[in-house]
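What you see is a predicted model, and the numbers here were worked out from it, not measured in a lab.
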Amino acid sequence: MRPLLIAVPQQLTDLWDIVRRISFLDVLDILLVSVLLYYLFKFVRERRAGKLAMGVLLLIAANILVHVLDMYLLRFILQNIIQVGFITLVILFQPEIRSMLEKVGATPMKGFRSLGESRDLDAVHTMIGEVTQAVGDLSESKTGALIVFERTTKLGDLILTGTVIDAFPAAFLIKNIFYNKAPMHDGAMIIRNGRINAAGCLLPLSSNPDISKDLGTRHRAGLGMSENSDAVVVIVSEETGTISTAVEGKLTRDYSPDTLRTFLTGALLGDGGRKRFGFPNLGRERAGSPEKKTRPNAE
């Protein structure tokens with residue numbers, strides 16, 4: 001007992017010496033790493049990369065265990081796997097890494113872009129009103145629609161797949177474009193800077209294996225667009241007339257024209273009525289209800 005009582009004060013002294021040597025830069029370093037790990041966890045938590053990340057953590061834990069237990073053969077195998085693992089991870093995580101870098105690259109430009117931006121808020125509110133009116137009419141008539149609002153991630157490569165229009169998004173024009181016998185009704189409409197930039201555009205389909213099998217092509221394209229950019233996507237079901245939105249790979253359904261207007265105002269305009277050009281904080285406040293299953297279709 002006496003040696004233990006003697007050792008405890010010595011351990012406390014050693015601990016105090018370590019604490020005294022911690023500098024401000026050490027604290028800042030720990031905080032920055034903590035923030036980095038938090039956002040990394042937040043990014044992969046609800047994406048397909050989350051499952052891959054869990055597999056990587058299990059592999060690292062297994063490697064530590066075989067080192068502790070001194071299992072030579074398993075240690076040899078795991079070391080060789082880890083040596084080529086970095087290249088493998090880059091290949092597996094390529095869509096997620098691209099999306100993350102695009103969003104990180106867009107964030108520093110938030111302040112600079114907002115300095116020279118002429119914020120015609122009345123025009124933005126008018127545009128949102130025209131879109132929600134058109135979407136409401138399309139929902140009532142059960143006419144399928146796919147509308148993409150470009151934000152910080154530029155969609156020039158997707159615009160080239162459609163027909164450039166460059167027109168004000170009037171409700172009658174939107175309804176005419178998505179009329180089921182119109183030549184561009186099957187593609188997506190891309191709205192850039194408050195104007196219809198192009199229509200009939202082809203969007204990447206989501207490759208998420210967890211998506212409901214009941215969702216058709218239109219919903220999968222909307223989700224794929226939101227997974228590969230920070231765009232806000234509005235989807236109208238051709239079968240049920242249900243209005244949905246897709247943001248950051250999350251689908252929310254059962255909007256009304258009023259709740260859609262509220263959502264788009266919050267998504268496209270920041271606090272204080274300013275245009276939102278930076279990294280979005282969407283998907284937390286939902287105007288609609290959670291995704292519901294529908295019958296299989298080709299939307």
[X] and [Y]: which non-hydrogen atoms are nearest, and at how many Å?
{"X": "Gly129", "Y": "Arg261", "result": "CA-NH1, 3.3 Å"}
{"X": "Leu138", "Y": "Ala145", "result": "CD1-CB, 3.7 Å"}
{"X": "Ala167", "Y": "Leu173", "result": "CB-CD2, 3.8 Å"}
{"X": "His219", "Y": "Ser244", "result": "NE2-OG, 3.9 Å"}
{"X": "Ile177", "Y": "Ala199", "result": "CG2-CB, 3.9 Å"}

Any non-hydrogen side-chain atom of [X] less than 4.5 Å from a side-chain atom of [Y]?
{"X": "Asn197", "Y": "Leu155", "answer": "no"}
{"X": "Val66", "Y": "Tyr72", "answer": "no"}
{"X": "Val234", "Y": "Leu264", "answer": "yes"}
{"X": "Val148", "Y": "Met189", "answer": "no"}
{"X": "Val232", "Y": "Phe263", "answer": "yes"}
{"X": "Phe24", "Y": "Asp26", "answer": "no"}
{"X": "Ile147", "Y": "Val233", "answer": "no"}
{"X": "Leu203", "Y": "Asn228", "answer": "no"}

Are [X] and [Y] grouped together when hydrophobic residues (ILVMFWY) are joined by side-chain heavy atoms under 4.5 angstrom apart?
{"X": "Val135", "Y": "Met184", "result": "yes"}
{"X": "Val236", "Y": "Leu202", "result": "no"}
{"X": "Leu73", "Y": "Leu69", "result": "yes"}

Out of Ile190, Val131, Thr245, Ile128, which one pairs with Phe149 under the side chain to side chain contact (heavy atoms under 4.5 Å, CB included) rule? Val131
State whether the side chain of [X] and the backbone N or O of [Y] hold a donor-acceptor pair below 3.5 Å, judged by distance alone.
{"X": "Thr132", "Y": "Pro257", "value": "no"}
{"X": "Asn176", "Y": "Phe172", "value": "yes"}
{"X": "Arg253", "Y": "Ile243", "value": "no"}
{"X": "Ser206", "Y": "Leu223", "value": "no"}
{"X": "His67", "Y": "Ile64", "value": "no"}

For the [atom1] atom of [X] and the [atom2] atom of [Y], what is their distance to the nearest 0.5 Å?
{"X": "Ile159", "Y": "Asp166", "atom1": "CD1", "atom2": "CG", "answer": "10.0 Å"}
{"X": "Arg151", "Y": "Arg192", "atom1": "CZ", "atom2": "CZ", "answer": "15.0 Å"}
{"X": "Asp186", "Y": "Cys201", "atom1": "CG", "atom2": "SG", "answer": "13.0 Å"}
{"X": "Met225", "Y": "Ile235", "atom1": "CE", "atom2": "CD1", "answer": "11.5 Å"}
{"X": "Leu25", "Y": "Leu32", "atom1": "CG", "atom2": "CG", "answer": "10.0 Å"}
{"X": "Leu160", "Y": "Leu158", "atom1": "CG", "atom2": "CG", "answer": "8.5 Å"}

Would you say the side-chain atoms of [X] and [Y] include a donor-acceptor pair closer than 3.5 Å?
{"X": "Thr240", "Y": "Ser237", "answer": "yes"}
{"X": "Ser226", "Y": "Glu248", "answer": "no"}
{"X": "Tyr179", "Y": "Thr143", "answer": "no"}
{"X": "Thr262", "Y": "Thr259", "answer": "no"}

Around atom CZ of Phe168, are there more than 12 heavy atoms from other residues, nucleotides or ligands closer than 6.0 Å? yes
